[in-house]
Amino acid sequence: MVSTLLTPRGRARQAVTGGHWACGGTAPTRILDWGHPRVRSVVRSIGMAAQEGEEPAAKVAALRRVHRWISEEVRPVYSVEEARPVSQVLRLGRGSCSQRMAVLEAVARAWGVPSRVRGLVVDGAFWYPRFPRLRRLVPGQVVLAWPEFSVNGALGADLAAAPWLPVSELFAGVGEPPGWASGGFTNAGPETLFEALSRTSVNWDGATACPASDGSCDLSAYLLTDLGHFDSRDELFAQHGQTLWPGEIPGRARPGPTSGRTLVGLGQVRIGSGMLR
């Protein structure tokens with residue numbers, strides 16, 4: 001079931017394509033620059049990670065702790081500058097959902113927990129309920145880097161075939177927190193997609209059964225294209241860019257991530273305020 005609040009009317013969902021596979025890893029990247037002193041300081045302040053050889057549950061619990069720290073310390077804004085390094089996001093103390101997920105990935109990699117991303121091309125209409133008066137500033141399509149983590153200790157070539165934990169399942173089964181089975185994410189209030197992960201289901205594939213009373217956990221109507229998996233968000237954005245405007249095709253080479261019309265030159269939108277900053 002798909003929430004009528006979130007389902008675009010009058011448009012059939014395009015076929016999902018993809019198939020790129022990836023092993024991920026723990027190495028720092030330009031975006032996931034966990035070797036930067038600012039990032040390493042944050043890693044120390046969050047505390048010790050689960051040690052190598054410990055049960056996957058211990059690593060998942062550590063990642064949940066990181067998510068909570070980010071929710072408290074990095075305030076949400078709307079931005080399409082998703083290639084910003086994690087060290088800069090921490091310096092600013094604010095970031096988009098994707099930038100905050102990058103912080104989660106960077107800390108995971110610093111702890112030795114491999115990560116990779118799934119590339120999702122999401123309809124810009126997904127953000128309309130949040131910014132009803134600013135629709136003209138929202139890209140037609142957004143390339144979303146959806147993190148996945150390997151918590152079972154697999155290494156090297158074994159990572160590709162090993163089970164991966166999507167960020168949407170990071171809090172699954174945690175004592176069934178309030179809202180996990182109902183009151184799904186609507187993208188219309190102060191809560192962002194990043195915060196929602198800790199209390200409700202987020203499903204891009206339409207495969208998870210949603211409560212009959214509330215189907216807003218199923219966001220599959222907004223998934224236009226599945227680009228497959230990538231070793232890092234750096235690789236995803238290098239191949240497909242960050243935002244797409246009407247008429248553009250995923251994967252087409254473009255001059256650069258800040259070329260053309262983006263929100264970078266227009267400032268950022270503070271989540272919950274409805275105003276540009």
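Residues take their numbers from the sequence shown, with the count starting at 1. Nothing here was measured: the structure is a model prediction, and the numbers come from that model.
Heavy atoms only, all atoms of each residue included: Q99 and G95 are closest at OE1-CA, 3.1 Å. The two atoms that bring R68 and F171 nearest to each other are NH2-CE2, 3.5 Å, heavy atoms only. Between P114 and W164 the shortest heavy-atom distance is O-CZ3, 3.8 Å. Residues A83 and R30 come closest through the heavy atom pair O-NH1, 2.7 Å. For the pair V43 and A110, the tightest heavy-atom approach, listed with the atom from each and the gap, is CG2-CB, 3.9 Å. The two residues M101 and P147 have their closest heavy-atom pair at SD-CD, 3.6 Å.
Of the inter-residue distances, the one linking L227 atom CG with H229 atom NE2 reads 11.0 Å to the nearest 0.5 angstrom. To the nearest 0.5 Å, atom CD1 of residue I70 and atom CG of residue L104 are 5.0 Å apart. Here the straight-line distance linking atom CZ of R84 with atom CG of L90 works out to 11.5 Å at 0.5 Å rounding. T29 contributes atom OG1, which lies 3.5 Å from atom CG of D234 (distance to the nearest 0.5 angstrom). Annotation: the span from L193 atom CG to W127 atom CH2 amounts to 8.0 Å, rounded to 0.5 Å. Note that CG of L165 and CG of N152 are 10.0 Å apart. Values are rounded to the nearest 0.5 Å.
Under the 4.5 Å side-chain criterion, counting only non-hydrogen atoms from C-beta, L137 is not in contact with F131. Using a 4.5 Å cut-off on side-chain heavy atoms (C-beta onward), E82 and V142 make no contact. With contacts defined as side-chain heavy-atom distances shorter than 4.5 Å, the pair N187/L219 does not qualify. You'll find the side chain of T192 reaches within 4.5 Å of the side chain of R100, heavy atoms only. Within the 4.5 Å cutoff, side-chain heavy atoms of F230 are placed close to those of Q239. Side-chain contact between V103 and F194 is absent, with no heavy-atom pair separated by less than 4.5 Å. The side-chain heavy atoms of W204 and P166, taken from C-beta on, include no pair separated by under 4.5 Å.
A donor-acceptor contact under 3.5 angstrom links the side chains of R109 and S115, judged on distance only.
Side-chain atoms of E235 come within 3.5 Å of backbone N or O of D231 as a donor-acceptor pair. The closest donor-acceptor contact from the side chain of R38 to the backbone of S87 lies under 3.5 Å. The main-chain N or O of V86 is found under 3.5 Å from a side-chain atom of D33 such that the two form a donor-acceptor pair. No donor-acceptor pair closer than 3.5 Å links the side chain of R94 to the backbone N or O of V77. In this structure a side-chain-to-backbone donor-acceptor pair under 3.5 Å is present from S71 to H67.
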*Start with the C-alpha gap between F237 and I31, add the side-chain angles, then the distance that decides, and say whether side-chain contact (heavy atoms from CB on, under 4.5 Å) holds.*
CA-CA 10 Å; F237 294 145; I31 299 176; 3.9 Å; yes
*Does the side-chain contact (heavy atoms from CB on, under 4.5 Å) test come out yes or no for V74 and W69, once each step is laid out?*
CA-CA 8 Å; V74 183; W69 183 92; 4.2 Å; yes
*Just do the side-chain contact (heavy atoms from CB on, under 4.5 Å) check on W111 and V66 with the steps written out, would you?*
CA-CA 11 Å; W111 278 348; V66 181; 3.3 Å; yes
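Taking the side-chain contact (heavy atoms from CB on, under 4.5 Å) definition, one finds that P28 meets it with W34, sequence neighbours left out. For S98, the side chain to side chain donor-acceptor pair (under 3.5 Å) partners are R233, not counting sequence neighbours.
Screening L144, V117, L120 against L236 for a side-chain contact (heavy atoms from CB on, under 4.5 Å) leaves a single residue, V117.
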